[in-house]
Asks: 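Here it is: the structure, laid out below.
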Amino acid sequence: MLRQMRWLTDREGRWELDVESPATMEGTARPVPGDPLPLGLSRGPRVTRTKQLDFFHRFMASPLVPSFSASRAGLSLHHAHLLHLAHNWSFTILEQLHVQKLVTAVKEKLSNHRQGVPWSNDLERHLHDVISLGVGTEFLITPDTALLLELYNINKGDRGKAIIHHKLPQQNITLAASWPGLFVDKQGVYWDVPLSLSADLASVGSSSGLSYHLLLQQNSGEPKCFGGDETNDVPLALLPGLCAKAAISIKRSIDAWRKKEDKLKMVQPYDAFLSDPHVSFTGIVGAVASGSLGDCSKRIIVPDEMRKSNAFRVFHERNKFAAFADLFASVTFTAQHGNFQRLFLDLTRVSARLDISSGSLFLRGASRLAQDFFFSRRPDLETFCDVCPDVIVSLQQQIVGPFSFRVESSVAIDPRSPDHFVRVGDSVFAIDWALKVLGSAKATAWYSPKHQEAMVELRFFEV
């Protein structure tokens, strides 16, 4: 699926993991806590944007990699130079060309040339607007510890990021600082937080069983809308303050049917993870708790949020402290036909995911519906809506060879609307190019009509 199961939801938001975004040359953003992640903005294993660009240049004959954001700079072309200074030290130079600004500058120059104005006038200003530069360096302190430092738009001097990754036997630790931190809300609006600090501890290892996640997030300064409408209300979760979050979950996957026979002999599948026809179910059940200190704690008393959730809540306005706890669950059904070996139509894959983001609200609604059924009462529509999960459906179909088409949509169930009981919401369309030589990797070009954003990126070891 274009969005990964590891981004578990709760009413306090998804985990603040980087997600792909064409809004800036750094290529990443974070979801606003409390908002669902916009479709299409997803990220696989931790591969920096610079390394993605370098892979495109070296192995896919793509000297320029495009991205598109209608509300930002339109179409942009990216290029990266990766220099290995030592076996454990690399240096990168990033370049971004704003095509729309370039076309505007050329039209302006042509118009001025007809009026006798020299081309050299304002040339430096136009280059400053059309081209953005960035630099970065990655240093392997130990085989398990890496330091990444990146500066973006250095000709304007306005963005930077420092990250430390450390691998433990069963956990990953990530320390990050961004100035400013870029966040995206459920409407696709981007926000800059002057300084964002985070410490993240996540369990890794088996795809099934027990897992946990711990996060500390500190935001400083007044959030500002990034290149958008200043009339938008600032998300309360981005206000200055400290937030601590912890979650624990149990994941279980069951194959109802899987067929390993009838594969073509001596023929490698285009993707090793998509080589077995099967029908499977995956379930996740867990609990999340968080505490907030500072102005960001005000989000806990938003009337709409309080109505949506029956979770445990504590708020002390005088001390600017809030606490929150709730349950969550997710069930995914996946069915696949074909081995993804033949040239045509050898892969059809359908997935449906049901998310219960507030377990307490679901249990309360289910209890009320059971009472209404027992006493032969007419169920309340609001209660019925409380037990309706968030639904994400996905379809993938091979076109020819390593190329396949994917579409993913959110589906809303609203019994209060007789004309639109089921509505298809946000959708994302993508073309995948499976990189057969790597076993399980692909180049993905996706487009979101609602947010009018598109991006080309790499994904490794995803299904």
Side-chain angles (χ1 to χ4, degrees), residues 18-29 38 40-44 47-83 90-110 119 122-138 150-161 182 184 188 190 226-228 403 428-433 435 441-449 451-460:
D18 286 351
V19 297
E20 298 289 359
S21 169
T24 65
M25 68 183 304
E26 62 191 284
T28 60
L41 303 181
S42 60
R43 185 172 179 83
V47 179
T48 64
R49 185 60 176 167
T50 301
K51 290 182 178 179
Q52 289 191 27
L53 295 175
D54 183 68
F55 187 93
F56 278 115
H57 304 335
R58 292 175 181 268
F59 304 106
M60 301 185 69
S62 301
L64 298 174
V65 180
S67 68
F68 176 79
S69 179
S71 60
R72 303 299 173 268
L75 178 64
S76 297
L77 301 176
H78 305 260
H79 185 84
H81 304 273
L82 180 60
L83 308 174
S90 62
F91 182 81
T92 58
I93 301 175
L94 290 83
E95 302 162 351
Q96 181 182 43
L97 176 66
H98 304 279
V99 177
Q100 185 173 330
K101 293 181 179 179
L102 176 62
V103 172
T104 302
V106 171
K107 288 181 178 179
E108 180 181 338
K109 283 300 179 182
L110 290 175
W119 277 80
D122 296 330
L123 180 60
E124 182 179 351
R125 176 178 61 85
H126 285 303
L127 290 176
H128 184 273
D129 293 336
V130 169
I131 299 177
S132 296
L133 298 176
V135 295
T137 183
E138 184 173 12
E150 295 179 322
L151 301 175
Y152 312 102
N153 296 343
I154 58 175
N155 48 335
K156 302 174 185 178
D158 57 356
R159 311 196 73 86
K161 179 183 294 185
L182 183 66
V184 57
Y190 290 90
F226 172 73
F403 295 96
V428 170
F429 302 91
I431 296 293
D432 289 344
W433 178 7
L435 307 179
K442 56 179 172 280
T444 298
W446 58 261
Y447 175 66
S448 171
H451 302 288
Q452 293 187 312
E453 292 184 339
M455 200 168 184
V456 178
E457 56 175 302
L458 288 175
R459 305 262 179 101
F460 294 94

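All values below were derived from every heavy atom in this structure, side-chain atoms included, with hydrogens, water molecules and symmetry-related copies excluded. Note that the coordinates shown come from a computational prediction; the quantities given were computed from them, not determined experimentally.
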Asks: What residues form a side chain to side chain donor-acceptor pair (under 3.5 Å) with Thr104, not counting sequence neighbours?
Replies: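 Partners of Thr104 by the side chain to side chain donor-acceptor pair (under 3.5 Å) criterion come out as none, since no residue qualifies.
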Asks: Would you name the heavy atoms of Leu82 and Ser90 that are closest together and state the gap between them?
Replies: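 Smallest interatomic distance, heavy atoms only, reads CD1-CB, 4.0 Å.
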Asks: Measuring only between side-chain heavy atoms, which start at C-beta, is Tyr152 closer than 4.5 Å to Thr24?
Replies: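 They are not in contact (no side-chain heavy atoms under 4.5 Å apart), so the answer is no.
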Asks: Which donor-acceptor pairs under 3.5 Å do the side chains of residues 93-102 make with protein atoms, sequence neighbours left out?
Replies:
unit_1 : atom_1 : unit_2 : atom_2 : d
Glu95  : OE2    : His81  : NE2    : 3.2
His98  : NE2    : Ser132 : OG     : 3.0

Asks: Can you name the nearest heavy-atom pair linking Ala454 to Pro22, along with the distance?
Replies: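 Answer, listing the atom of Ala454 first, then Pro22: O-CB, 3.6 Å.
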Asks: Could you tell me which non-hydrogen atom of Glu453 sits nearest to which non-hydrogen atom of Trp446, and how far apart they are?
Replies: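 In terms of heavy atoms, the two residues are closest at O-CZ3, 3.6 Å.
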Asks: Which value, rounded to the nearest 0.5 Å, describes the distance between Leu151 atom CG and Leu133 atom CG?
Replies: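 It comes to 12.0 Å.
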Asks: Can you name the closest pair of heavy atoms from Phe226 and Arg159 and give their distance?
Replies: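 Between these two residues, the closest heavy atoms are CE1-NH1, 3.7 Å.
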Asks: What pairs with Glu150 under salt bridge (charged side-chain N to carboxylate O under 4.0 Å, His left out), at least two apart in sequence or on another chain?
Replies: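 For Glu150 there are no salt bridge (charged side-chain N to carboxylate O under 4.0 Å, His left out) partners, ignoring immediate neighbours.
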Asks: Of Glu457, Arg459, Glu20, which is the lone residue that meets side chain to side chain donor-acceptor pair (under 3.5 Å) with Gln52?
Replies: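 Passing option: Glu20.
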Asks: Quick one: side chains of residues 56-69, donor-acceptor pairs under 3.5 Å with protein atoms, not counting sequence neighbours, listed by atom name and distance.
Replies:
unit_1 : atom_1 : unit_2 : atom_2 : d
His57  : ND1    : Leu53  : O      : 3.2
His57  : ND1    : Ser62  : O      : 2.7
His57  : NE2    : Leu53  : O      : 3.3
His57  : NE2    : His79  : ND1    : 3.3
His57  : NE2    : Ala80  : N      : 3.0
Arg58  : NE     : Asp54  : OD1    : 2.9
Arg58  : NE     : Asp54  : OD2    : 2.9
Ser62  : OG     : Met60  : O      : 3.1
Ser67  : OG     : His78  : NE2    : 2.8

Asks: Hey, are the side chains of Gln452 and Tyr447 touching, using non-hydrogen atoms and a 4.5 Å cut-off?
Replies: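 SC-SC contact between Gln452 and Tyr447 confirmed.
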Asks: For Val456 and Ala445, which heavy atoms make the closest approach, and how far apart are they?
Replies: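 Closest approach of Val456 to Ala445: CG2-CB, 4.0 Å.
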Asks: To check you understand the geometry: which heavy-atom pair defines the closest contact between Ala441 and Phe460, and what is its length?
Replies: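 Answer, listing the atom of Ala441 first, then Phe460: CB-CD2, 3.5 Å.
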Asks: Taking ring-ring contact (aromatic ring centres under 6.0 Å, His included) as the test, write out the residues that go with Phe403, two or more places apart.
Replies: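 Phe403: ring-ring contact (aromatic ring centres under 6.0 Å, His included) contacts with Trp433.
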Asks: Evaluate the side chain to side chain contact (heavy atoms under 4.5 Å, CB included) criterion for residues Leu458 and Leu435: first the C-alpha distance (whole Å), next the side-chain angles of each, then the deciding distance (0.1 Å), finally the verdict.
Replies: CA-CA 10 Å; Leu458 288 175; Leu435 307 179; 4.3 Å; yes
Asks: Mind checking whether Asn153 and Met25 have side chains closer than 4.5 Å, heavy atoms only?
Replies: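 Result yes, sub-4.5 Å side-chain heavy-atom pair found.
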